[in-house]
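Here's the structure, in structure tokens; my notes come after.
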Amino acid sequence: MIAPLALALLAAQAPQWNCADPQTQSEMNACARIDFERADAELNTEYRAAHAHARASDREESRIEGDDRPGDEATLREAQRAWVAFRDAHCRLEGYEARGGTMEPMVYESCRAEVTRARIAQLRAPSAVGEQ
């Protein structure tokens with residue numbers, strides 16, 4: 001009874017990848033995915049900070065009479081949603097360089113990590129959410 005449970009637990013554990021020196025395409029694909037996940041986590045942290053700043057900016061700014069454009073928070077949210085759609089489509093296209101091949105996931109995930117890091121830099125820039 002314990003042996004099948006132990007085997008099930010072992011099978012459920014994620015493999016340990018050597019991302020410092022990946023040797024197989026499967027390992028390269030997995031490491032590219034891990035790299036993207038790290039970049040995405042950092043992006044989420046930076047976006048939350050930018051979102052909080054945009055919300056505060058909306059509270060502090062007085063609206064110009066007759067200006068019915070969306071505020072900082074709504075505009076940032078719109079931009080981020082459009083950016084995510086762009087990133088994923090752009091990187092899917094880049095992945096097509098290896099379309100159907102074993103490298104396609106690596107190219108796609110590597111692109112998403114790179115483009116995500118560029119977005120992090122954009123969000124950190126003082127002009128990203130109206131900082132002066």
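What's counted below: heavy atoms across the whole structure, side chains too, no hydrogens, waters or symmetry copies. Counting begins at 1 with the first residue of the sequence.
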message = Assess the residue pair Gln23 and Trp17 against the criterion (side-chain contact (heavy atoms from CB on, under 4.5 Å)); give the C-alpha distance rounded to whole Å, side-chain angles, the decisive distance to 0.1 Å, and a yes or no.
response = CA-CA 10 Å; Gln23 297 297 309; Trp17 303 107; over 6 Å; no
Report the distance from atom [atom1] of [X] to atom [atom2] of [Y], rounding to the nearest 0.5 Å.
{"X": "Arg92", "Y": "His90", "atom1": "CZ", "atom2": "NE2", "result": "11.5 Å"}
{"X": "Leu123", "Y": "Gln80", "atom1": "CG", "atom2": "CD", "result": "5.5 Å"}
{"X": "Met106", "Y": "Glu27", "atom1": "CE", "atom2": "CD", "result": "12.5 Å"}
{"X": "Gln25", "Y": "Met28", "atom1": "CD", "atom2": "CE", "result": "5.0 Å"}

key: Atom CD of Glu78: over 12 foreign heavy atoms under 6.0 Å   = no
inquiry  = A quick test of your reading: do over 12 heavy atoms of other residues, nucleotides or ligands sit less than 6.0 Å from CZ of Arg38?
reply    = no
request  = Determine, step by step, whether Trp83 and Leu43 satisfy the side-chain contact (heavy atoms from CB on, under 4.5 Å) criterion, reporting the C-alpha distance in whole Å, the side-chain angles of both residues, the deciding distance to 0.1 Å, and the verdict.
outcome  = CA-CA 12 Å; Trp83 175 83; Leu43 173 68; 3.6 Å; yes
key: Pair Asp35-Arg117, side-chain contact (heavy atoms from CB on, under 4.5 Å): steps then yes or no   = CA-CA 11 Å; Asp35 186 40; Arg117 287 191 178 95; 2.6 Å; yes
Counting N and O atoms only, with roles assigned by atom type, does the side chain of [X] sit under 3.5 Å from a partner on the main chain of [Y], one being a donor and the other an acceptor?
{"X": "Asp72", "Y": "Asp58", "result": "no"}
{"X": "Asn29", "Y": "Thr102", "result": "yes"}
{"X": "Glu114", "Y": "Ser110", "result": "no"}

inquiry  = Strictly below 4.0 Å, N to O, side chains only: are Arg112 and Glu109 in salt-bridge contact?
reply    = yes
task = Go through the steps for Tyr96 and Val107 under the test side-chain contact (heavy atoms from CB on, under 4.5 Å), then give the verdict.
result = CA-CA 8 Å; Tyr96 285 171; Val107 174; over 6 Å; no
inquiry  = Quick check on the hydrophobic clustering: are Phe86 and Tyr108 connected, directly or via other members, by side-chain heavy-atom contacts under 4.5 Å?
reply    = no
message = Hydrophobic cluster membership, with links at side-chain heavy-atom distances under 4.5 Å among I/L/V/M/F/W/Y: are Leu93 and Val115 in one?
response = no
ask   = Is the NZ or CZ atom of Arg33 both under 6.0 Å from the centre of the six-membered ring of Phe36 and within 45° of that ring's axis?
value = no
message = Give me the atom names and distance for the closest heavy-atom approach of Pro70 to Thr75.
response = O-OG1, 3.6 Å
task = Locate the shortest heavy-atom distance separating Ala20 from Pro22; write the atom from each residue and the value.
result = C-CD, 3.8 Å
ask   = Aromatic rings Tyr47 and His51: how do their planes relate, parallel, tilted or perpendicular, breaks at 30° and 60°?
value = tilted
inquiry  = Hydrogens and angles aside, do Gln122 and Arg119 bring a side-chain donor and acceptor to less than 3.5 Å of each other?
reply    = yes
